[in-house]
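Take a look at the structure set out below.
Residue numbers start from 1 in every chain, and the chains themselves are labelled A, B, ... in the order their sequence lines are given, proteins ahead of strands. Computation of the quantities below employed the complete heavy-atom set of this structure, encompassing side-chain atoms and omitting hydrogens, waters and symmetry-equivalent molecules.
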Amino acid sequence: MSFVLDQISYRVGEETFIDNVSLRLEPGSMNVLLGPTLSGKTTLMRLMAGLDRPTAGKIIDNGVDITGVPVRKRSVAMVYQQFVNYPTLSVYENIASPLRVAGLPKAEIEARVGRAAALLRLEPMLKRTPAQLSGGQQQRTAIARALVKQAKLVLLDEPLANLDYKLREELREELPRIFAETGAILVYATTEPTEALLLRGQTATLWQGRVTQVGPSATAYREPDNIDAARVFSDPPLNEVSVTKAGAMATLESGRKVPAEGVLSGMPDGVYRLGFRADAVTIGHPQPGMLSFPGTVSVTEISGSESFVHVDTGLGTWVCLVEGVHQWEPGDRTEAQFDPGRAFVFGSQGQRVTAPGLAATA
Amino acid sequence: MAQITLDGVGHAYGGGKPATDAGYALKPLHHVWEAGKAYALLGPSGCGKTTLLNIISGLVIPSEGRLLFDDRDVTRLPTEQRNIAQVFQFPVIYDTMTVAENLAFPLKNRGMPKDRIAARVNEIATMLDLNHDLNRRARGLTADAKQKISLGRGLVRSDVSAVLFDEPLTVIDPALKWELRSKLKAVHRALDLLMIYVTHDQVEALTFADKVVVMNDGRAVQIGTPAELFEKPEHTFVGYFIGSPGMNLLQGKIQGTRVILDGQEIALGAAYPGLAAGSPVKLGIRPDYARLSTSAGLPVQVRRIDDLGRKRLAHVSLGGQPLVATVPHGMSLEGTQACVQFDPARTHIYVDDHRVEGQSLSEGRAA
Amino acid sequence: MTDNRVWDNRAWFFVLPVMVFVLFSSLLPMMTVVNYSVQDTMGQNNFFWNGAGWFANLLDSSTEAGQRFQGALLRNLIFSFVILAIEVPLGIAVSLCIPKRGWQVGAVLVVIALPLLIPYNVVGVIWQLFTRTDVGLLGASLNALHIPFDTRQDATSAWFTIVIMDVWHWSSMVALLCYAGLKAIPDAYYQAARIDGASRWAVFANIEFPKLRKVLVIGMLLRFMGSFMIYTEPFVVTGGGPGESTSFLSIDLVKTALGQVDLGNGAAMSLVYNLITLTVCWIFFTYTTHADQRKDA
């Protein structure tokens, strides 16, 4: 019953947009495509929808090869980042439009639109036109239209990116619930790691047209397979530093030697790349077991309940997490406290060698 | 360098004094924007922040009140006589000019000598990392680069009363946003100009501003530092709007230094002698200061756990009221029964959505 | 843009009716013209092969046909150049004066659009009457002021009349195109310019004119084509005279092919005429598309 992408590639001329992607999507599942802008999320969705035909590989739906089947013969619904509605039609007619195309009887249309409108809390607005709605309501209308279609595959391309963050919080919570009873395969593209985590389901991280990892969202976050997946799944950006381990000591890029503790203890000698997220570094007085790096603050980003201090340590600019709202001024001298037990260790090919809480696999 | 004073500035479209408060797009406001400070106007769409910005820039003439730049009344002066700079939501560049000519344009128009223009253009271009593109046609650049040019043109004059930003990072690629946010912050520190930044994004507002004006429904509900907005939201809207997720608000009845909620007592960090015992209040507590525990505290039903990677948030029900609490690191949960503990010092009491100041119980405790 | 559509060749069926229509409306008539252009006749419907003879005639200024054709072509090019040189700046200037909002917009637009709604031959009649020396308001008044003016005797008067007539008839179109272009400029640009302290001229040179470039190219193309193929109005006003002085290509072509039934020369003329229009179109087209690419680069 599943929807399978089997070694899909998409090239135009010299340029590769999708490079050998294989994915398996199950009915009723939430699948997040996580990647930065231009990583291939939208292209992959267009291939799934049948808007474009892959230049290599097969798309198999429920055991049937549907690779070249055009979109109008598939059971697909799509919601875009821009609020796409028919401007002259009322909200009711907008939601009903796919059903009218399908030629459903009037009573059936009324019932389905009514249900969708109730689920998306659009009932008071059914007579208005999209121009009379707020952004959030316009996107709800687009989502309702995708919902009534009862498509087997629902593609959501950064649907919340253009909304205020409070509306985003609200709608993000509702989305999986709204589609739950349809049993549709949900595919959700986003650039934000937090969104992937909140949507649960499985996450495929995309980087330069390749899927770098697929797995349950929280697992993919905690155990990235390689440095590309870790970078994609880190916001703020992953902090990185190269180390050379020799015996009980490790030498950093700067020449400084530190004890090979934490994730590095028990690793064979060699050159590694350490990747660690903002929560593995904080700011303040040295503490036992932490490595201290003096540096200069370049900026403090405040997310509302956390502060991310960007510190230039001479080993690159690191992002350090401080709970609560605090203000460090650009140019302040400070010390970044790094917990060596909370880094990922990557090998020379970028493959993960070990992660916090895991045994080394090298 | 100037300070800007809003002296009862309010605006109702259609003019005149509206019969009720609801008639205002911007309710009358007194505020002084201090020279050299960075401010943000933060609020959801339709909250009046853009109206306020347009009043300062001269696009809208307020229906009441006076606007002063230092001591000069500019309420009715057109934009060009106000000596301000503005950066718009979408890049505004002069297609036919090079990047350098774009940056130099506001200075050239004011007859600044050539060598001083060149020096200033170089200074600003360096701050914004535009110095490699100075001789390129502006037309061929990416949207990001174009917006940087717009920012540069806004910042190039050192004699302006204020620089206004109208959601300037809308078109910027998400991956580059933090970089520009940090640039703007550094630029503000370097240039010492009064800057006013309109946004609906709390990260942009809190990161950029010394003081944030939180607006809702045409009203400035709180003006404060980012830390004040987080620690002491003066209005329930601020509690909700700042922080992801926002502050929890629980209906209860005040009883001295406690709030009674569904028969349970919650200890507060202050006494509220001004509030009659048993009167209804809202208890505000941020999810960051409400912690789930297995044994101690008030019993709650766990509905859902959100795993955010670096932390976990529990969505629970406390006597039928929804509440979000932090799950401590390493805590494992079984079943749907758990307890929640509040940090008394971080609780706030709201009456009619406004915070009531209490008398602190423990002297000398760190805030 | 990359081609990323799903292939479905059934679309060709929808194009078929149009292709059949084009075949009968354009290609077949065109081929008869081609046929005439390479043959000569002695009458009685007897034709014989003349190869490129008619074309050689046209290009050779020592022949009568060549002289006529080249004269008409030159006059036509001068005419097109003159009216473009007047109508484009005038159209821009007018468009800048049209109000941007308020009730005046509709009123002004209707008044400006009026000349465009008048049929070509009526325009000709209006100007023919207007410039008559006996009853025409313009012609009679000028003569009363002892300014020599007579479109039937004096080539300068005839040219003046025809140029002014075209300007009157068509500047509106350029103005309306430019107005649409100006309306498309977001308010933020003007506001930014005011904040930047830009002068009116700087606003025009750095914002309005660059943003108008695309519309202007289209306007110029339309006006070039219009003036290059002009027939009815000068035919009604001057009949191509006095002498040959206002015989533009199309007037000369009609005289040759229909007046003198010189089918060979006429056919060759029409083909060369057609080729020139096509070439100009192609140059404009490649210029505009290249300009787009430069912008994307």
Proximal component of [X], with respect to chain C [non-hydrogen, under 4.5 Å]:
X	result
Ser150(B)	neither
Phe88(B)	side chain
Arg82(B)	neither

Would you say [atom1] of [X] has more than 12 non-hydrogen atoms from neighbouring residues, nucleotides or ligands within 6.0 angstrom?
X	atom1	answer
Arg76(B)	CZ	no
Phe130(C)	CZ	yes
Tyr13(B)	OH	yes

- Just checking heavy atoms, which of residues 181-208 of chain C are less than 4.5 Å from chain B?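 Expected list: Ala188(C), Tyr189(C), Gln191(C), Ala192(C), Ala193(C), Arg194(C), Ile195(C), Asp196(C), Gly197(C), Ala198(C), Ala202(C), Ala205(C), Asn206(C), Ile207(C).
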- Message: Counting only non-hydrogen atoms closer than 4.5 Å, can you tell me which residues of residues 83-99 of chain C sit against chain B?
- Response: none
- Item | ring pair (Phe, Tyr, Trp, His ring centres under 6.0 Å) pairs, two or more places apart, involving residues 110-139 of chain B | none
- Item | Contacts of residues 97-119 of chain B with chain C (heavy atom under 4.5 Å) |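 Against chain C, the residues of residues 97-119 of chain B that fall inside the cut-off (heavy atoms, under 4.5 Å) are Met97(B), Phe105(B), Pro106(B), Asn109(B), Arg110(B).
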